[in-house]
Amino acid sequence: MTVHIIAPEWVATVVSAPGNQVGLFKDFAIAINTQGKIEAVGPAAAIALAYPAAPTETLPGHLVTPGLINLHTHAAMSLLRGFADDLPLDRWLKERIWPLETQLIGPDFVYDGSVLAAAEMLLGGTTCFNDMYFYPESAGRAVLDLGLKANLSMAIIDFPTTYATDGKDHIKKGLAARDALRGADGISFSLAPHAPYTVGDETFSDVVTLAEELGIGVHCHIHETNQEITDSLKAYGVRPLARLKALGLLEPSLIAAHCVHLNESEIEWLADAQASIAHCPHSNLKLASGIAPISALLKAGVNIGIGTDGSASNNRLDTLAEARTASLLAKGNSLDATVLNAEQTLIAMTRSAAQALGRSNEFGQISTGLSADLVAWDLTDFSVQPVHDPISQLIYAGGREHVAAVWINGQPVVRKRQLVGSTPHRVLSEVTARIPLWHNRVGEILSAVA
Ligand SMILES: [Zn+2]
């Protein structure tokens, strides 16, 4: 079998081993087969002996990790970047985002915004993202054109949107998109009831039944702000998570975005259910939503991934930067410098996120049989020297400017800070040329609303 080999100075397999939970090895190499899967990973000398004729890419001073996974975003909102800053969530939604979305969204908006988001993420070392938006078929086309991977969560809201009339119609359209993209490489689907305050009990029950029938996950914004908890107590007499628990949503396949405000019982419920959290610290800070209790969640054993949220509330889709903030914030908030250490932070962006998506058998670790979705981080630059500990260097000193190369299914998709391949180049330049048109449209809508 033909293979090619990547031989960096360090490999972080993120395969758990006793005393080395992040699987960091020096002078290891990765052999990749023609199917784009990892054929073998081991000491470089042994790999060279096993595959003497294989072309080898040697990367001195580089660390190779699994591709990063952005566990919560709204890719299309890249076109709304910077239009709704310095507002609390309630006003952010009602005064800016919803009026803009009502008039703007459609297949073209979602495609163009998702292309920009996908390009930004790829160049920053993110090889898969968990999206939540309308017109998932258009987001899927963007994903296929740029050559990365995604879980497309079909957005469901109980009130009419430009996309659909009610909860059932949102579900129907989401399922049609799933059918249209069936078999598309690298794409999975889940159901995304937007939030407890935009979705009623009946629709949540439909979602639970359908998720079980189809064997797919559920992705929902949960306990993002104090306001939604106060409102839920008034409307339902219970906090949102108690309501969702009663409706049967707390399952291992649940990805709960945000979870900023949790009491002790709620942390236990999430742990008992083996649900996952998409922690989005920049969005939570920027919208002044609060700080998620990451230390307590980790102690309880809750699976935690990192999400950027959309560009309208972050405003960058930089998974590594998000993870660095997550780590620092967890320490500052718990007054414990050992919380969410560098190794745990890398795990959250890779293995834990793949587990949350139910795709651990596809990617998230550098392990035989998994897809070769990899990032090479250049640690030769003076700004990340000297390297005492490559993982610590990546998390606390590194940035997306240190991405030297990205491979998906063993194929290079980023080299020298540029996308590789004619389709991604063409698509990105076409979409970039349309940005001024979208900019003008947003300006017109906002001036009419003001
Ligand atoms: Zn969100």
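Note that the numbering runs from 1 along the sequence shown for the chain. Both ligands and their constituent atoms are indexed starting at 1 by order of listing. The analysis underlying the following values was restricted to heavy atoms, covering all of them including side chains, and did not include hydrogens, waters or symmetry mates.
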Reported CG-to-CD1 distance for the pair Leu79 and Ile105, which is rounded to 0.5 angstrom: 12.0 Å
Any chance you could measure Phe129, atom CZ, to Leu152, atom CG, to the nearest 0.5 Å? 6.5 Å
Under 2.8 Å: N/O/S of [X] next to the Zn ion (ligand 1):
X	value
His72	yes
Asp309	yes
His221	yes

Kindly determine whether Thr161 and Trp98 satisfy side-chain contact (heavy atoms from CB on, under 4.5 Å), including the steps that lead there. CA-CA 9 Å; Thr161 62; Trp98 285 344; over 6 Å; no
Check whether His219 reaches the backbone of Ala192 with its side chain - one donor and one acceptor, N or O, closer than 3.5 Å. no
